[in-house]
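Written out below as structure tokens is the structure these notes cover.
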Amino acid sequence: MSYVHLFSPSTIGGVEIRNRVVLPSMTTRLATPSGEITPELVSYYQERARGGCGLVIVEMASPQRRGRHRGRELGIDSDEYIPGLRSLVAAIHEQGARAGIQLGHGGARALPTELGGRPLAATAGPIPVFETARFVNFPELFDEDSLEQLVVDHVDAARRAEEAGFDVIELHGAHGYLLAQLISADENRVLPDFAARYDFLASLVRRIVEAVGIPLSYRLSGQDFYSAGQTLDDSLAFLPYLEDAGVSAISVTGGHYKSVDPEIMIPPMPYEDGVFLDAARVVKARTRLPVIAVGRVNAPAVAEDALAQGWADFVAVGRGQIADPHWARKTQQQQQVRECLACNHCVRTMRSGKQLACAVNPTVTTTDRPAAGTAAQRRLVFGAGPAGLTYAVESARAGHEVYVIARDRTWKAAAAPTFNGYRPDRQRMHRYFDGLWKEAVEAGVRISPAGELEPPPEWRTDVDVVADARGATYVGNLGPLVRILIRVLSRVPLPKRLMKSDRLHHILLYDLRNPRRREPTRIPGARTIKIGDAAQPGDLAAAVHDAYIQAWKEHSDDQ
């Protein structure tokens with residue numbers, strides 16, 4: 001497929017961008033506790049720029065300390081942050097991408113432990129907040145003076161962004177953060193009516209635009225998905241205010257912490273691709289500004305179609321570029337892209353307080369693989385699930401010769417009744433697995449013909465490592481019964497409550513499964529290792545990460 005729209009250059013506010021692919025703002029927790037830039041954070045964003053992305057929008061940074069939403073959130077509320085931000089921008093520019101930064105204030109949803117006191121907000125609470133623990137916030141309400149200070153601090157933060165060299169600034173006006181609270185009939189307790197709310201936000205935008213010489217994008221909610229929340233009509237009514245204030249682009253998202261399903265903010269497996277495209281299409285029809293489409297546009301064909309149909313001018317590929325930082329380059333060059341499962345492992349690890357992680361990409365926060373610990377080896381792999389194929393791919397990249405014994409070309413977990421607490425998107429899971437198979441072939445891995453259960457004669461001697469990646473076994477003699485049970489459950493729509501049950505997950509992943517005890521085959525002089533579920537039953541992320549570590553680990557004789 002040709003992606004003529006996706007890879008044509010375009011502009012936002014006079015800033016030329018090499019293609020229509022945007023990395024949207026996503027928290028990484030790679031900053032220091034005080035919000036300083038780290039080498040890991042620079043590396044993360046630089047790799048997405050190296051991977052061909054056109055516009056890299058750096059994660060949310062609050063203009064006020066009292067607006068910090070998370071631990072290790074990027075800082076921009078002081079001039080002290082400018083040198084670090086400048087180094088980040090330089091790393092992005094070095095790879096040919098444009099750099100943006102999102103200014104976002106948590107308001108009522110700012111994290112109390114980060115603030116050292118009560119948050120400052122437009123609504124008094126109680127407001128439930130979940131981060132590494134659950135809190136209930138009772139914020140202090142803005143008064144006239146603090147509202148003016150809010151504008152001043154936004155202008156100062158924008159000035160710092162420009163001084164650091166950013167090409168674009170994005171204001172976060174969605175998902176229940178402060179600017180969304182200030183526009184909301186439900187959550188605004190400080191401005192009396194819609195005219196006052198719209199005028200205040202337009203004034204904030206206008207003062208930023210007047211203060212800096214770089215374009216401003218506004219992230220707008222198409223719909224909040226709860227009865228008292230922002231509707232698409234509300235957003236359309238606010239749109240002329242943003243245009244008149246000087247905004248250069250609109251990013252159309254959706255969802256709110258109060259949504260009937262709050263996870264729709266980062267739509268997981270059960271949602272269709274392009275879940276917010278209809279809202280983007282409507283906004284695009286009502287504005288002269290470039291529109292950035294957000295929300296499960298990770299499939300290249302979906303992204304290209306949205307642009308070709310004129311529903312948007314740019315597409316924000318977020319989790320897709322977590323799963324594969326070279327999403328843009330590989331798509332343009334017709335290479336295999338590592339599929340994002342939309343399993344939201346990234347979201348859950350980040351919200352638990354850990355650094356950003358990915359179930360299918362064990363190197364999400366680094367660019368450099370470790371140096372191979374040994375000279376080139378011959379590695380024989382039994383099992384061609386995600387762990388076995390990941391081990392094979394990474395071993396080949398480390399310079400080893402690899403042969404994989406694949407009993408069949410299926411991924412058993414794709415038949416599970418739940419996946420990471422969601423109704424499985426089996427089509428997407430199969431695309432991921434098929435893509436990983438293609439990656440292995442592209443990397444030079446040899447895979448056995450169908451039905452071959454033992455290695456060919458030339459792989460029965462002179463092998464350095466035998467890797468057992470055949471997955472876990474079932475307890476006792478229950479294997480056939482459990483497989484039948486899983487097959488039955490996979491055909492029954494389970495209640496959401498049951499899908500998210502920690503107990504059910506523990507039973508399926510741990511209680512019913514055991515590590516492999518018998519070696520797949522003995523080859524004289526070869527060292528046998530177990531990978532993923534064969535060594536320790538668990539979830540996909542753990543198995544893939546273990547496969548990566550094992551592939552690059554130094555195998556000395558005394559290990």
Side-chain angles (χ1 to χ4, degrees), residues 1-26 41-59 85-102 161-162 164-170 212-219 247-252 280 284 288-295 297-338 340 367:
M1 180 177 181
S2 176
Y3 300 100
V4 293
H5 296 88
L6 197 54
F7 295 104
S8 62
S10 190
T11 61
I12 291 178
V15 173
E16 184 164 335
I17 300 167
R18 63 184 174 186
N19 58 46
R20 311 301 182 93
V21 182
V22 176
L23 179 74
S25 169
M26 297 176 292
L41 188 142
V42 172
S43 174
Y44 171 82
Y45 286 110
Q46 186 177 44
E47 188 67 6
R48 274 75 197 164
R50 182 182 291 117
C53 181
L55 172 61
V56 174
I57 301 181
V58 172
E59 59 203 81
L85 292 170
R86 190 176 288 129
S87 69
L88 174 59
V89 172
I92 293 169
H93 283 168
E94 186 181 302
Q95 303 303 324
R98 294 293 190 174
I101 188 168
Q102 185 183 83
E162 182 177 37
F166 284 101
D167 304 291
V168 176
I169 295 167
E170 179 176 85
V212 299
I214 56 177
L216 185 69
S217 175
Y218 197 96
R219 177 162 258 203
V247 162
S248 294
I250 301 291
S251 175
V252 183
K284 177 63 183 170
R288 56 181 171 74
L289 299 175
V291 168
I292 304 171
V294 178
V297 287
N298 295 332
V302 173
E304 173 68 17
D305 186 60
L307 298 172
Q309 297 283 351
W311 298 345
D313 302 276
F314 295 85
V315 289
V317 179
R319 287 168 292 171
Q321 292 189 85
I322 293 176
D324 194 330
H326 287 232
W327 186 97
R329 178 187 62 77
K330 289 181 179 178
T331 296
Q332 187 173 22
Q333 295 176 1
Q334 308 284 327
Q335 294 178 351
Q336 181 60 47
V337 171
R338 182 76 57 91
C340 167
T367 61

Task: Nearest heavy atoms of Gly320 and Asn298, plus distance in Å - done: N-OD1, 3.3 Å
TODO: Check whether any side-chain heavy atom of Asp167 sits under 4.5 Å from a side-chain heavy atom of Ile214, and report yes or no.
DONE: no
- [ ] Taking all non-hydrogen atoms of both residues into account, name the closest pair between Val294 and Ala316 and its distance.
- [x] CG2-CB, 3.9 Å
- [ ] Start with the C-alpha gap between Tyr218 and Ser251, add the side-chain angles, then the distance that decides, and say whether side chain to side chain contact (heavy atoms under 4.5 Å, CB included) holds.
- [x] CA-CA 6 Å; Tyr218 197 96; Ser251 175; over 6 Å; no
Task: Shortest non-hydrogen contact between Thr11 and Pro290, atoms and distance - done: O-CG, 4.0 Å
Open item on the list: Return the OG to CG distance between Ser10 and Leu307, rounded to the nearest 0.5 Å.
Closed with: 9.5 Å
Open item on the list: If I take atom CD from residue Glu94 and atom CZ from residue Arg50, how far apart are they, to the nearest 0.5 angstrom?
Closed with: 7.5 Å
Open item on the list: Is it the case that the side chain of Arg48 and the backbone of Trp327 share a donor-acceptor pair, with hydrogens and angles ignored and the cut-off at 3.5 Å?
Closed with: no
Task: Close side-chain approach of Val58 and Phe166, heavy atoms under 4.5 Å - done: yes
TODO: Mind running side chain to side chain contact (heavy atoms under 4.5 Å, CB included) on Val252 and Ile292 for me, showing each step along the way?
DONE: CA-CA 6 Å; Val252 183; Ile292 304 171; over 6 Å; no
TODO: Using a strict 4.0 Å threshold on nitrogen-to-oxygen distance, state whether Asp324 and Arg338 make a salt bridge.
DONE: no
Open item on the list: Any side-chain to backbone donor/acceptor pair from Asn19 onto Ser8? Under 3.5 Å, distance only.
Closed with: no
- [ ] Would you mind reporting whether Glu304 and Tyr3 have side-chain heavy atoms less than 4.5 Å apart?
- [x] yes
- [ ] Measure the shortest side-chain to side-chain distance between Lys284 and Leu289 over non-hydrogen atoms and say whether it is less than 4.5 angstrom.
- [x] no
Task: Student check: side-chain heavy atoms of Val317 and Val22 closer than 4.5 Å - done: no
TODO: With the side chain counted from C-beta on, respond yes when Leu23 and Tyr45 share a heavy-atom pair under 4.5 Å apart, and no when they do not.
DONE: yes
Task: Minimum heavy-atom distance Glu59-Met26, with the two atoms named - done: CB-O, 3.4 Å
Open item on the list: Working to the nearest 0.5 angstrom, can you tell me the gap between Glu170 CD and Ile57 CD1?
Closed with: 4.5 Å
Task: Under 3.5 Å: donor-acceptor pair, side chain of Arg219, backbone of Ile250 - done: no
Open item on the list: Restricting to non-hydrogen atoms, name the atom on Ala91 and the atom on Val42 that form the minimum distance, rounded to 0.1 Å.
Closed with: CB-CG1, 3.5 Å
TODO: Could you grab the distance from atom NE2 of His326 to atom OG1 of Thr331, nearest 0.5 Å is fine?
DONE: 12.0 Å
Task: 4.5 Å side-chain heavy-atom contact, Gln321 and Val21 - done: yes
- [ ] Report yes if the side chains of His5 and Arg20 come closer than 4.5 Å at any heavy-atom pair, otherwise no.
- [x] no
- [ ] Locate the shortest heavy-atom distance separating Ile12 from Ala249; write the atom from each residue and the value.
- [x] CG2-CB, 3.9 Å
